[in-house]
Structures are given as structure tokens and as C-alpha cells.
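First the structure, in the form of C-alpha cells, and then the observations on it.
Heavy-atom basis, side chains included; hydrogens, waters and symmetry copies ignored.
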Amino acid sequence: MVKLVLLIPGAALLLCLLISQTTSTPHVQVSASGACISSERDALLSFKASLLDPAGRLSSWQGEDCCQWKGVRCSNRTGHLIKLNLRNIDMDDYNYPNRSKPLSLSAGEMSSSLATLQHLRYLDLSWNDFNGTSIPVFLSSLKNLRYLNLSSARFSGRIPSELGNLSKLQYLDLSWNYYGNRSYIVDLAWLPRLSLLSHLDMSYVDLSSARDWFQMVNMLPSLKVLRLSLWTQQHHVC
Ligand SMILES: *[C@@H]1O[C@H](CO)[C@@H](O)[C@H](O)[C@H]1NC(C)=O
Ligand SMILES: *[C@@H]1O[C@H](CO)[C@@H](O)[C@H](O)[C@H]1NC(C)=O
Ligand SMILES: *[C@@H]1O[C@H](CO)[C@@H](O)[C@H](O)[C@H]1NC(C)=O
Ligand SMILES: *[C@@H]1O[C@H](CO)[C@@H](O)[C@H](O)[C@H]1NC(C)=O
Ligand SMILES: *[C@@H]1O[C@H](CO)[C@@H](O)[C@H](O)[C@H]1NC(C)=O
């Protein structure tokens with residue numbers, strides 16, 4: 001069954017295709033046993049050092065065993081860090097930017113130390129504040145990622161086509177990043193390389209230069225949920 005929902009919020013026409021209602025949670029090993037691998041610990045500490053953390057959300061990030069730190073999970077088989085969940089659950093930060101201690105982590109630019117975490121399967125940075133910088137290309141080196149959530153994280157600019165290297169991705173959420181400037185995609189030729197992708201959210205990503213978006217999306221054999229917006233300045237749908 002294909003459901004088509006059209007909404008018109010402000011400047012954009014939001015086209016929301018729910019190809020299937022089936023939902024499943026991403027398959028992620030979650031186990032807290034095993035000691036932390038020191039190079040991965042160092043990578044987390046460098047990442048933490050690059051962030052502003054006014055509310056002290058990462059205060060547990062100290063000591064030897066990084067597998068016990070908040071938001072961090074290691075594989076109980078290999079000891080490698082496989083999950084990093086830094087989602088900011090307090091969306092009021094956006095509604096009240098004058099709060100003295102916002103829960104969002106913020107950074108001028110994301111530290112590339114995360115590229116050390118080569119066994120990462122799950123990365124959620126949603127609702128934090130990357131201050132209008134673009135989504136870093138080095139994320140595309142995390143080739144074991146199954147789940148990548150960069151929703152509402154104040155990215156802007158061009159979304160790197162190198163994301164097409166993340167061939168194991170099942171969930172990709174790039175939605176609601178238009179802080180200062182929109183985030184945009186020039187072409188989507190990389191998208192069909194994500195053959196395991198089942199859930200793709202590009203709401204409010206500017207696809208007006210990606211004229212082939214429909215064909216590219218159509219080439220994803222595993223896709224179940226698709227969300228995207230078409231900016232009405234350039235596009236006329238229906
Ligand atoms: C922050 O701004 C909101 C809305 O503008 C206002 O209601 C609230 O009182 C302000 N809070 C502080 C601490 O200034
Ligand atoms: C965020 O970006 C603005 C404008 O580019 C800049 O002035 C500011 O210093 C940046 N903030 C951080 C934390 O890097
Ligand atoms: C990404 O995170 C946001 C909240 O931070 C959530 O609403 C959304 O469902 C997530 N996307 C996926 C694909 O899980
Ligand atoms: C990643 O993608 C880029 C552009 O799509 C490609 O040129 C590059 O060879 C890829 N790198 C790896 C390691 O697959
Ligand atoms: C948005 O992008 C334009 C063109 O690339 C640039 O001139 C402008 O400074 C950017 N605005 C912000 C807020 O980053």
C-alpha cells in the first residue's frame with residue numbers, strides 16, 4: 001500500500017511517502033561488558049574536547065572504561081565501540097535559545113576523531129548544534145554504520161555524496177537541517193549504492209538541483225519509509 005500525504009508548511013511543500021507501515025528497530029548489539037579499547041577511548045575524549053557541553057551531559061565520560069560511559073555501547077564479542085547515541089532529547093533548547101544551560105552539545109565543527117570508531121554501527125547526533133557547518137565527509141568512512149541520524153543538528157550546506165560509501169546503512173536521517181543556509185543535495189547518484197536502506201528521511205533537504213531524485217529513490221530495493229520535501233520555488237509536484 002502506498003500512502004501519499006501532502007502538507008504545505010510555509011515555503012516548502014512537504015511530500016511524505018509512506019511506502020510501508022512496517023517498522024522495525026535497527027539491529028544493534030547492545031551489551032555493556034568488556035573493557036574499552038584505548039584508541040577508541042582517546043577518540044571519544046577528543047570528540048568531547050571539541051564540544052561545548054553546558055549542561056554536563058558528557059560528565060560520565062571519564063575514567064578507563066569508556067564502554068560504561070553514557071551513550072556508549074561496546075560489542076561484548078569484540079570489545080569495539082559499536083553504538084554512540086548522543087541524541088538531545090530536550091527539544092525545548094530550540095524553542096528557548098535563551099536557556100542558561102541548553103542540553104544540546106555544540107561544536108563549531110565536528111571533530112574528525114570520530115573516524116577512529118571504525119566498528120560503529122549506530123550513530124545518533126540528532127538535535128545537537130553543529131552551528132551551520134556542513135556534514136563532514138569523514139562520516140562516510142564509518143563503513144559499518146547501519147543507523148545514522150543527523151536530524152535537526154543545525155548542519156547546512158552540501159550533503160556529501162561520499163555517504164554513498166556507507167553500504168550497510170539501513171536508516172539514514174538527514175532531516176530538518178537548514179540553520180542559516182539550507183542543506184542541499186546536488187545529485188543523488190550515490191543513493192542507489194545504499195542497497196540495504198529501508199528508512200530515508202530527507203525532510204527539508206533541498207533537492208531542487210537533484211532532478212533525478214525520483215529515479216534514484218526508486219532504485220532502492222529495500223526502502224520502506226521515505227520522507228522528503230520539495231521546495232516550491234523550483235518544483236511543481238502533481
Ligand atoms: C526565554 O524566552 C522565552 C520565550 O521568548 C521566555 O518565555 C522565557 O521567559 C525566557 N527565559 C529566560 C530565562 O529569559
Ligand atoms: C558559529 O558560527 C558563527 C557564525 O559563523 C560564529 O560566529 C560562531 O563563533 C560559531 N560558534 C562556534 C561555537 O563555533
Ligand atoms: C532521528 O532522531 C529524531 C529525534 O532526535 C527522531 O525523531 C527520528 O525518528 C530519528 N530518525 C530515525 C530514522 O530513527
Ligand atoms: C567514497 O566515495 C567517493 C565518492 O563517492 C569515492 O570516490 C571513494 O573512492 C569512496 N571511498 C571509499 C573508501 O570507498
Ligand atoms: C549562505 O550561503 C551563501 C552562499 O553560499 C553565503 O553567501 C552566506 O553567507 C551563507 N549564509 C550563512 C548564514 O551562512
Side-chain angles (χ1 to χ4, degrees), residues 9-16 46-53 84 86-88 91 93-95 97 102 104-117 120 123-143 145 147-167 169 171-194 197 199-217 220 226-235:
L13 182 62
L14 181 66
L15 175 66
C16 181
S46 304
F47 183 57
K48 178 186 177 183
S50 75
L51 297 170
L52 293 175
D53 178 16
L84 187 54
L86 297 179
R87 176 184 295 193
N88 170 17
M91 300 175 183
D93 280 359
Y94 279 14
N95 301 328
S104 61
L105 306 167
S106 65
E109 198 147 327
M110 197 191 300
S111 163
S112 62
S113 63
L114 283 190
T116 305
L117 307 176
L120 209 57
L123 178 59
D124 190 341
L125 298 173
S126 60
W127 286 92
N128 289 298
D129 181 3
F130 291 94
N131 199 27
T133 57
S134 42
I135 291 173
V137 172
F138 74 77
L139 287 181
S140 64
S141 71
L142 298 173
K143 56 186 182 309
L145 282 182
Y147 181 96
L148 178 59
N149 195 336
L150 303 177
S151 175
S152 308
R154 293 190 166 168
F155 288 107
S156 70
R158 183 169 177 171
I159 291 174
S161 58
E162 285 86 352
L163 291 180
N165 289 357
L166 296 174
S167 58
L169 266 192
Y171 291 75
L172 177 59
D173 194 336
L174 303 171
S175 62
W176 296 90
N177 283 296
Y178 57 96
Y179 184 62
N181 276 332
R182 301 172 188 174
S183 54
Y184 63 91
I185 284 177
V186 171
D187 85 88
L188 273 171
W190 52 274
L191 192 63
R193 289 160 64 201
L194 305 180
L197 202 63
H199 188 125
L200 176 61
D201 196 335
M202 297 195 295
S203 301
Y204 290 93
V205 172
D206 183 352
L207 296 174
S208 57
S209 302
R211 304 199 174 278
D212 52 355
W213 68 266
F214 187 74
Q215 284 151 285
M216 295 303 139
V217 162
L220 289 168
L226 170 66
R227 295 200 170 86
L228 43 80
S229 320
L230 301 177
W231 298 81
T232 46
Q233 287 91 331
Q234 288 87 6
H235 268 288

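Looking only at side-chain heavy atoms (C-beta outward), Arg158 and Ser134 stay at 4.5 Å or farther from each other. For the pair Leu52/Leu105, no side-chain contact is recorded, criterion being any heavy-atom separation below 4.5 Å from C-beta on. Side-chain contact between Leu139 and Met110: present, with at least one pair of heavy atoms (C-beta onward) separated by less than 4.5 Å. At a threshold of 4.5 Å between non-hydrogen side-chain atoms, the residues Leu194 and Leu172 count as touching.
Residues Ser111 and Phe138 share a closest heavy-atom pair of O-CZ, 3.3 Å. Among all heavy-atom pairs drawn from Leu191 and Leu220, the shortest one is O-CD2, 3.2 Å. In this structure, Pro192 and Met216 approach most closely via the heavy-atom pair CG-SD, 3.7 Å. Contact detail for Tyr184 and Val186: the closest heavy-atom pair is CE1-CG2, 3.8 Å. Closest of all the heavy-atom pairs between Leu142 and Leu166 is O-CD2, 3.0 Å. In this structure, Pro160 and Pro136 approach most closely via the heavy-atom pair CG-O, 4.3 Å.
In this structure, the separation between CG on Leu84 and CG on Leu120 is 6.0 Å, given to the nearest 0.5 Å. With rounding to the nearest 0.5 angstrom, the CG atom of Leu123 is 6.5 Å from the CG atom of Leu114. Note: Asp53 CG to Lys48 NZ = 7.0 Å, rounded to the nearest 0.5 Å. Within the model, atoms CG of Asn177 and CZ of Phe155 stand 6.5 Å from one another, a figure rounded to the nearest 0.5 Å. Summarising the geometry, atom CD1 belonging to Ile159 is positioned 8.5 Å from atom CG belonging to Leu150; distances are rounded to the nearest 0.5 Å. Distance check: Ser183 OG to Leu174 CG gives 7.5 Å after rounding to the nearest 0.5 Å.
Using modelled atom types and a 3.5 Å distance limit, the side chains of Asn131 and Thr133 yield no donor-acceptor pair. Between the side chains of Ser104 and Ser106, no donor N or O sits under 3.5 Å from an acceptor N or O.
Looking at residues two or more places apart in sequence or on another chain, you find a salt bridge (charged side-chain N to carboxylate O under 4.0 Å, His left out) between Arg87 and Asp124.
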Given Val205 and Arg182, is the side chain to side chain contact (heavy atoms under 4.5 Å, CB included) satisfied, shown in steps? CA-CA 7 Å; Val205 172; Arg182 301 172 188 174; over 6 Å; no

Please evaluate residues Asn149 and Trp127 with respect to the criterion side chain to side chain contact (heavy atoms under 4.5 Å, CB included), reporting the C-alpha separation (whole Å), side-chain torsions for both, the decisive distance (0.1 Å), and the verdict. CA-CA 10 Å; Asn149 195 336; Trp127 286 92; over 6 Å; no

Verify side chain to side chain donor-acceptor pair (under 3.5 Å) between Ser152 and Ser126, making sure each step is shown before the conclusion. CA-CA 6 Å; Ser152 308; Ser126 60; over 6 Å; no

Derivation of the side chain to side chain donor-acceptor pair (under 3.5 Å) call for Ser175 and Asp173: CA-CA 6 Å; Ser175 62; Asp173 194 336; 2.6 Å; yes

Asn165/Arg193 under side chain to side chain contact (heavy atoms under 4.5 Å, CB included): CA gap, chis, key distance, verdict: CA-CA 7 Å; Asn165 289 357; Arg193 289 160 64 201; 2.4 Å; yes

I'd like to know whether Leu207 forms a side chain to side chain contact (heavy atoms under 4.5 Å, CB included) with Met202, so could you lay out the CA-CA distance, the side-chain angles of the two residues, the decisive distance to 0.1 Å, and finally the verdict. CA-CA 9 Å; Leu207 296 174; Met202 297 195 295; 4.0 Å; yes

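Between Tyr147 and Tyr171, the ring-plane angle classifies as tilted under the 30° and 60° cut-offs. Relative ring orientation between Tyr204 and Tyr178 is described as tilted, the plane-to-plane angle lying within the 30° to 60° band.
Listed for the Asn88 side chain is no donor-acceptor partner under 3.5 Å among the backbone atoms of Asn128.
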